[in-house]
Amino acid sequence: MTDRYVLEIALHWAGVGLYVAATIAFVFAVVFARPRVLRWAMAAGALGLVPHGAAIVLRWVAVGHGPYMLKYEVLSSNAWVAVLVLLLVLVRRPGWSALAIVVMPLAILSVAIGLFSNPESRELPPSLRSIWLVFHITFAKVSAAAFLISLGSSVLLLLRERPSRPPWLERVPDVLALDALTIRAAGFGMIFWTVTIAAGAVWGNQAWGRYWGWDPIETWALVSWIAYGSFLHLRFFFKLRPRPTAWLSVAAFVVFLLALLILPFLMTSLHSSYFS
Amino acid sequence: MSLPRRTGVVASTARRLTGFLRRPAVIAGEVVAFGAASAIAASLPQQPDAYGIQRFAARWPALGRVAAALGLHDVVTAPWFLGVVTACLLSLVAVQAQQWPRLRRAWAASPSTDTLRGAPFRRSAPLSEARSVPERPRLDTAGRAALLGSPVFHLGLLVLIAAGLVRTMTFRDAAGRVLEGATLGTGVGAFEAERGGWLSRPLALERPISLREVREERYASGSLKQVAVRLALGGDAGSPATEREAAVNSPLDDGPVRLYVASAHGLAALVEVAGPGAPEAVVVFMEERGGEWRGTHRLGEGLELRFRANVHQRPAAVEVRAVSGGLLLRMESLAPGSELALGGGTAARLHGLRYWVQLRASRDPSRPLFYVGAVVVILGIILMFSFVRVDTGVFVEADRLVVALRPHRFAPLYAERFERLCKEWLP
Ligand code: HEM
């Protein structure tokens, strides 16, 4: 184990530690209605981004490519972007801090799964050396963050809709606001996911001679895009009430998760050269 | 039947059909069906992966039979899939025919005290208590661009589907392994394999293309970093050839054909096997396995020649082993010009070592259409979700100052904005 790797892992765990502290503070602030603690929660979260970001940059410099080849790199960097996006949303809308109760644990879980997977670095094969890959990956990470916010909002909505709910749930935004946020965040996710797929198509055209080839991984990306499209259609056309809307949002997120993080590591496809 | 009556029947059938195609349940069904079909295509092995399909059938015989009977191993060319795509296309046309005129009307509409009567955010105070009172009603609208979102997005989808259909019918792809020094001729069939849509013509290069050199770049660890080629275009009929470079991710356009360099490449041994009969010239294509170039040539009667070379630099020699029934008979390091005796008067002589690379060629008239569609879809989705039309009004009604805010979507997210507006005007 090299010194660099030890430092990278230590920085990762420092980030995770701060995220855990932030999560506890968020829970405390929301459950016990302590708005002052919220500032500490935000500060701990923002501070966590520093060692976590440093770990990602350290590896980037050492392996010579961005965080998009190994499960370890992908999960860790996705979590970093998700925490950043969450904090940016909360800076503008502190009233939404309950979102952190859903988003932060999932981000921490993502880094932890990454840390327990094989960290052995691999070099970038020729087909991945394209500027379009940078767009493809960057937008995928931002869309994951936006969909995660949408998921967080639907989970809070479902909890709030339960007949026997704890009193703190009364303090999270009301059901209609959560419903609107679920759709709005899914909409932003769709913007970034659309660009992700389009950038992938341009890159596929450069690397393999076709913009679309029904390769399993690219097709799953399309399926998840259509899953969100179907969810938004159903909600729009049938004026769905918040509860079914929230369930559909959870279902669309599951399809997205399959497409982005699970199937690429399991299926044989043209993309297999870089997911391992 | 008289002519006007017949026209009337046609018009009413068309009206009923467009009405049907615009029905929410129909549209939702089409989109879900397209998604489900894509999920099947992504989950089951698809043509031309014959080996994958065979393996699937052997592993799950019942599922394999069902999949084969329903054509689920070739989803994207199955008639039912094309039916779903056509239905989507028709619905999109029907929806677009309604969306654009509606957009014009919606765009022109401006907020009035009447339209703001049902605004979700509305507060009033007696004029005497208002912070200030505008001289004339202040009616404003922002984020009109949002209205463009859905029509533009669905127009982009229409273009993308059209691009997909054009591609299905007209694309032509070809691929083949090409040796350094070899030339791809201008005739049809220059590549090893070729496929295309129903309306596509066989691919033919406009001028011959010779592969002058394959250059590979490796990381210090030995793994592959880049494969680039130097090509000579033309050069027949006495005209000088033009030299051009291409590489993985850096294709080359020559007329309507685009040439791609694939990562698949390797070393080729040019061998002549001479024995009691006529000498046989063979090209042994080696591929990278376990950090080495490796390839095999079978000579018959269980005898095979196994070739091996280091991948790090262009090799000057290869190790050749003659193996029969798993038993090593002979082994030699051969440089071009030397030979390995195989016994019984037979020998394998190495004539040369060259790199080979897989070159792909493609002609796809749908490409520009696809790019236009993608840009329009992105623009549409940005307009749809980054902009929200919001009408605001500050006006006097029955001796009270009214402040109203009417977001056309996501109303609950505008409570804070409304409070800020109220703070400006109301106590
Ligand atoms: C058969 C093809 C399709 C048709 C006929 C269709 C039609 C429609 C219609 C009529 C609307 C209502 C909005 C309006 O009237 O302006 C709509 C909204 C929408 N559609 Fe489609 N659509 C199709 C495919 C898709 C696909 C494939 C996606 C994305 C994956 C999509 C995404 C959306 C979105 C995001 C909305 C807005 C929903 C909202 O405002 O909440 N559509 N579509």
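First the proteins, then the strands, lettered A, B, ... as listed; each starts at 1.
- For A/A198, the part lying under 4.5 angstrom from a heavy atom of chain B is the side chain only.
- When the candidates B/I27, B/V261, B/I382, B/V76 are compared by the number of heavy-atom contacts under 4.5 Å with chain A, B/V76 comes out ahead.
- For chain A, no part of B/F171 is nearby; none of its heavy atoms comes within less than 4.5 Å.
- Between chain A and the options B/Q226, B/Q46, B/E217, the largest number of non-hydrogen pairs under 4.5 Å is found for B/Q226.
- Between A/R243 and A/E161, none of the side-chain N atoms (NZ, or NE/NH1/NH2) sits under 4.0 Å from a carboxylate O, so this pair counts as no salt bridge.
- The residue among B/V377, B/L259, B/V75, B/V31 with the most heavy atom pairs within less than 4.5 Å of chain A is B/V31.
- For chain A, the nearby parts of B/F385 are the backbone and the side chain; heavy atoms of each come within less than 4.5 Å.
- Here the options are A/R235, A/R241, A/R184, the test is side-chain hydrogen bond (donor to acceptor under 3.5 Å, both in side chains), and the partner is A/D179; only A/R235 passes.
- Ion pairing of B/E216 with B/R218 is present here, as a side-chain N (NZ or NE/NH1/NH2) and a carboxylate O approach within less than 4.0 Å.
- Remark: B/R167 qualifies as a cation-pi partner of A/Y211 under the 6.0 Å distance and 45° angle criteria applied to the six-membered ring.
- Taking A/G209, A/S224, A/A207 one by one and counting their heavy-atom pairs under 4.5 Å with chain B, the maximum is reached by A/G209.
- Most heavy-atom pairs under 4.5 Å with chain A, from the set B/I381, B/L160, B/V32, B/V227: that is B/I381.
- When each of B/S250, B/S362, B/S221 is checked for heavy-atom pairs under 4.5 Å with chain A, B/S221 comes out on top.
- A distance below 6.0 Å separates the ring centres of A/Y228 and A/F147.
- Two residues are said to be in side-chain contact when any heavy atoms from C-beta on lie closer than 4.5 Å; A/D215 and A/R210 meet this criterion.
- Annotation: maximal heavy-atom pairing with chain B below 4.5 Å, among A/V195, A/L222, A/V202, occurs at A/V202.
- The candidate from B/A262, B/A41, B/S386 with the greatest count of non-hydrogen atom pairs under 4.5 Å with chain A is B/S386.
- Salt-bridge annotation for B/R215 and B/E245: present, with a side-chain N of the basic residue lying under 4.0 Å from a carboxylate O of the acidic one.
- Heavy-atom distances place the side chain of B/L157, and not its backbone, under 4.5 Å from chain A.
- Most heavy-atom pairs under 4.5 Å with chain B: of the set A/L234, A/I183, A/D174, this distinction falls to A/I183.
- Ring pair B/H73/B/F56: centre-to-centre distance below 6.0 Å.
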